[in-house]
Every structure is written in C-alpha cells, then in structure tokens.
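So the structure is just underneath, and the comments pick up after that.
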Amino acid sequence: MSHPVNPPARLLMGPGPITADPRVLRALSTPLVGQYDPWMTATMNQTQELYRQVFGTRNDATVLVDGTSRAGIEAVLVSLLAPGDRVLVPVFGRFGHLLEEIARRAGAEVHTIETTWGQVFTPSAIEAAVAATKPKVLAIVQGDTSTTMNQPLDELGAICDRHGVLLYTDATATIGGNPLELDAWRIDAVSAGLQKCLGGPSGSAPVSLSARAVDVLGGRRSVEAGIREPGDEVADEPIRSNYLDLAMILDYWGPRRLNHHTEAASMLYAANECARILLDEGVDEAIARHELAGRAMLTGVEALGLRVFGDLAHRMHNVVAVEIPSDVHGDDVRSAMLHDHGIEIGTSFGPLHGRVWRIGTMGYNARKDTVVTTLAALENALRRAGHPVPQGGGVDAALDVYAGAGAGAGAGAGVGVAAARVAP
C-alpha cells in the first residue's frame, strides 16, 4: 500500500543539500503554465537578469540548465571541449576529480595538477601548468566541499588571458556565500546549483558564459533536424550531448525560443525565487552572514576541543571539516545526531572518509539558532559516545562570536525573520 510523501523533520547541516527556504518551497508549489506562455517567457527573461546579478556579470548567455549542478558542469565541459581539445584541471579535492572525469568522457585530452587535500593552489603554480600544457580550457572548482577549501580565482582570469585560455569554474558550493565576480575576475564560464548557499532544492543549474565562450559554441552549433530551418547550422563535429548542448539551450532561452526541451517550470520558479531572495538581502550581506555563521561554527567546534581540518586561511565560509576524535566512531556520532536530534551532518570522501565530519552553515541554515542547536547536539552526541567535552563550551563560544558581531547579526541577517513573515 502506498503512503503520502511525508519526510521526517530534519535540520540539514551537512555540506549540502540544506534545508530549503520556505519561500522557495512555496514557489515550487505554484501552478504550471505552458513553456511558451508570455508569462513563462517573461519569467525566463527575469530569471536570466537575476542570475546576472548573482554572478556579477553582464553576460547575455546566462541561463538555467534543467538538472542538478552536475548537469551544469557537464553542459559547460561537453559544449566547450571537442574531442581532442586539451583541458587543464587543478585537483584539490573530490570535485576536481569530477571535472577530470567529465572532461575525459567528453573526449578531451585531460591534464591535471594536484595538491594535498586541505590546501589550494598558488596562482604561480597554475600559471606554470598552463604554460606547460597549453590547454584550451582551465577548469577549476572554486569551493570543494570534500575538503572545505576555497580556491582563489581573482588572478586566474588574467593568467588565462595572457595564454589565450578559457577559464571555467564550478561554483556550486560557493555561490551566494562566498565572493564570486565573473566580469571583474574575467571568468569565461561558470556553473552552479541551488542546494547550498542559494537555499533551494537540487535540480536546476544556473550557467553563465562570456562572449568568448559563446564564440566557441558557435563553431559547434548544430540545430537538430526536427526543428531546423533554412540557413541553420549543421556542424561536422557537433556538441556530443543533445540535452546538454549549450548552443541549443541558448537558442531556447534566446529570442528565437527554438524548441529544445520542455522547461522544468517548477524548478525555474525555485531558481527565480532563490536569486530574488539573495538579491533582496544583498549579495554582500549574504556573504557576510555566511562568514559569520561559519566563523561561529568553527569557533564552537574548537571550543569543544575538536580540531578543524585544512588551511583555515582558504576555508569556505559555509562548511567546516572537523577531525573526528580517535576515541569515537564517526558514523555512530552522525547517527546519534540524526536519530536523537534530527540533525544531519556529513562525512567526506577518498582520503578524508571517516576522518572528518563536514558541518555546513549555508543558505537558509546560515543562522544563529541553527548553529547553536547543532553545537548543542554535537556536544551531547560526543558525551554520550564517551568523549569528554566542556559542558556548554561550543554554544557559549558561538554565541560570543555573534555577540561580538553586533546587533542584528543574531537574526541571521533577516533570513529567519523574513521566512517567518511569509509562513502561513
């Protein structure tokens, strides 16, 4: 016998997905309209303009790819890289390996450089690798949640310009909670997702392309037979994916509205609302809120006597990696957090699997109440597992961080208050 979908109450404080903002959930429940309804196409246009502001760009080619953030990554890479094209991927965590994997499957000649997990690359190391490999594309993750490291990008655009290279970054884990300026940093392509600092569900991937990147697509544009008109391009080496063909997706979002797929209307509504909420708060204010929540969480776990993993000077604002004490079993503590307190935290991958917990403070959950609730639960779970912790130490330390930030910070820069105001 089937039952209604009725998930248990959870506070998602892992590396993503996170608890969606109630306003985004409300947008998801609104009625569908046809994909060429004037209201729908106007909403698509509005969504493009919202994400230009989110990304800090005037790129006309700013659209949504219908799919999770990985669909956005694959759309960019398969569209920019023809078989045999050379790509350089600096790898500093699991998601650098993902870029490598997707590029290789696209038929590219993939070159990598690697650094120890918990570190990032210097611009000089990246420029040396670019000069040595002479790639068409430099593909790099901005924030890799597997290690919680945030790779500085602000000098890479100039490096790529000097060497005639396109710069692509995956900003899924950072957008909305860490600085990202496409135009100022001269980034040619970016993809992201909703499920982290943007406070939405997984399922839509905002993408933006510079004019240089769009020119590359133009050379591979091939309009499919069923919708082709006289004069439309038919490439000898078309983009190797139909669904993730950004040239056709741009035609769908552009003035021609050339049919490509049926737009995922509910996810469009969610993506629109995620961007609207962020811009209503202010991008700089949202970044400051994430920095404060992340700093409070980090200070709190250190006050519990726990060590934090990685180079803290290059840590993402919105997730902290906590080294698991040797006298407890990491999965048992995570299970206690979930089943006793209804709070989800994460582990990690590869060399960090079983070595760290990853605790996120992002999107709708980058708030004082969620930080202190999580720290109180972690203290309890550790104590019950037999690990000594100072009573109330984590909560007190986090509250001191918020108190030091001044009036107004405790409400989560209006996030909790605004959500409560629209709740039924």
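Start at 1 with the first residue, then count along the sequence.
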Measuring from [X]:[atom1] to [Y]:[atom2], what's the distance to the nearest 0.5 Å?
X      : Y      : atom1 : atom2 : value
Asp245 : Glu224 : CG    : CD    : 8.5 Å
Gln151 : Gln142 : CD    : CD    : 9.0 Å
Ser210 : Asp60  : OG    : CG    : 12.0 Å
Leu11  : Ile345 : CG    : CD1   : 11.0 Å
Leu244 : Ile249 : CG    : CD1   : 6.0 Å
Phe92  : Asp311 : CZ    : CG    : 11.5 Å

Is it true that [X] and [Y] have a side-chain N and a carboxylate O under 4.0 angstrom from each other?
X      : Y      : value
Glu101 : Arg104 : no
Arg186 : Asp161 : yes
Arg26  : Asp21  : no
Asp232 : Arg256 : yes
Arg228 : Glu233 : no
Asp331 : Arg334 : yes
Arg70  : Glu74  : no
Arg10  : Glu344 : no

Geometric class of the His260/Tyr252 ring pair [parallel <30°, tilted 30-60°, perpendicular >60°]: tilted

Aromatic ring pairing His97/Trp117, orientation class (parallel under 30°, perpendicular over 60°, tilted between): tilted

If you define the side chain from C-beta out and look only at heavy atoms, does anything of [X] sit under 4.5 Å from [Y]?
X      : Y      : answer
Ile175 : Leu198 : yes
Thr115 : Val120 : no
Ile140 : Leu167 : yes
His163 : Lys134 : no

Is a side-chain donor or acceptor of [X] paired with a backbone partner of [Y] at a separation under 3.5 angstrom?
X      : Y      : value
Asn178 : Thr174 : yes
Arg358 : Thr145 : yes
Lys196 : Pro15  : yes
Gln48  : Thr62  : yes
Asp170 : Thr172 : yes
Asn318 : Ala173 : yes
Arg86  : His111 : no
Asp332 : His329 : no
His317 : Gly294 : no
Asp66  : Ala264 : yes

Heavy-atom closest pair, residues [X] and [Y]:
X      : Y      : result
Pro238 : Arg220 : O-NH2, 3.3 Å
Leu12  : Thr19  : N-OG1, 3.2 Å
Gly330 : Trp357 : O-NE1, 3.1 Å
Arg367 : Ala293 : N-CB, 4.3 Å
Ser222 : Met248 : O-SD, 3.9 Å
Asn45  : Arg257 : OD1-NH2, 2.7 Å

side-chain contact (heavy atoms from CB on, under 4.5 Å) evaluation trace for Leu306 with Val389: CA-CA 9 Å; Leu306 303 174; Val389 285; 5.6 Å; no

Neighbour count above 12 (heavy atom, 6.0 Å) for His261 NE2: yes

Exceeds 12 heavy-atom contacts within 6.0 angstrom, atom CZ of Arg105: no

Full working for side-chain contact (heavy atoms from CB on, under 4.5 Å) between Thr169 and Val141: CA-CA 5 Å; Thr169 189; Val141 176; 5.7 Å; no

Step-by-step side-chain contact (heavy atoms from CB on, under 4.5 Å) determination, Gln35 to Thr262: CA-CA 7 Å; Gln35 62 177 330; Thr262 302; 3.9 Å; yes

Charged tip of Arg307 within 45° of Phe309 ring normal and under 6.0 Å: no

Is it the case that the side chains of [Y] and [X] hold a donor-acceptor pair, with the cut-off being a distance below 3.5 Å and no angle test?
X      : Y      : result
Ser191 : Tyr168 : yes
Asn365 : Thr370 : no
Asn150 : His314 : no

Residue pair Arg295, Glu291: steps toward the salt bridge (Lys or Arg N to Asp or Glu O under 4.0 Å) verdict: CA-CA 6 Å; Arg295 179 158 46 92; Glu291 188 281 329; 2.8 Å; yes

Side chain to side chain contact (heavy atoms under 4.5 Å, CB included) partner of Leu378, chosen from Thr373, Val333, Val322: Val333

CA sep, side-chain torsions, deciding dist, call: Val207, Val190, side-chain contact (heavy atoms from CB on, under 4.5 Å): CA-CA 6 Å; Val207 166; Val190 65; over 6 Å; no

Worked check of ring pair (Phe, Tyr, Trp, His ring centres under 6.0 Å) between Phe55 and Trp185: CA-CA 11 Å; Phe55 284 132; Trp185 296 354; over 10 Å; no

